[in-house]
Amino acid sequence: MMMLEVFMDLLQTTLMASIMDYGIMTKDLSHIYSTGLTMLGVAFVGLIGGMGVVAVRQSYVLKIK
């Protein structure tokens, strides 16, 4: 779960660089919008991964099997 969250966080920076290089520099609004929506999806997947990490950590603390 932690690796999923970290990968999604690192992917965010790559997508932001894509927006800067191909969207803003070439004034391509469709690329900006589509990449922005992709970033929202990536952030949501990262959120799910982070929630899984917290759930696993809490299960160890509370000794739930």
Engineer: Taking the side chain as every heavy atom from C-beta outward, state whether Ile19 and Met39 have any atom pair closer than 4.5 Å.
Structural biologist: yes

Engineer: Carefully, step by step, assess Leu10 and Val6 under the rule side-chain contact (heavy atoms from CB on, under 4.5 Å).
Structural biologist: CA-CA 6 Å; Leu10 293 174; Val6 170; 4.1 Å; yes

Engineer: Can Thr26 and His31 be counted as having a side-chain donor-acceptor contact under 3.5 angstrom?
Structural biologist: no

Engineer: Indicate if Leu11 and Met16 have the same hydrophobic cluster label, given that clusters are the connected sets of ILVMFWY residues with side-chain heavy-atom separations under 4.5 angstrom.
Structural biologist: yes

Engineer: Go through the structure and list residues passing side chain to side chain contact (heavy atoms under 4.5 Å, CB included) with Tyr33, not counting sequence neighbours.
Structural biologist: Leu29

Engineer: Calculate, to the nearest 0.5 Å, the distance between atoms CG and CG belonging to Leu4 and Asp9 respectively.
Structural biologist: 9.5 Å

Engineer: Establish whether Phe44 and Phe7 are linked, either directly or via other cluster members, by ILVMFWY side-chain heavy-atom contacts under 4.5 Å.
Structural biologist: no

Engineer: Can you tell me how far apart CD (Glu5) and CG (Leu47) are? Round to the nearest 0.5 Å.
Structural biologist: 8.5 Å

Engineer: To the nearest 0.5 Å, tell me how far Thr35 OG1 sits from Asp21 CG.
Structural biologist: 11.0 Å

Engineer: Check whether Val42 and Met20 end up in the same hydrophobic cluster, where Ile, Leu, Val, Met, Phe, Trp and Tyr are linked by side-chain heavy atoms less than 4.5 Å apart.
Structural biologist: yes

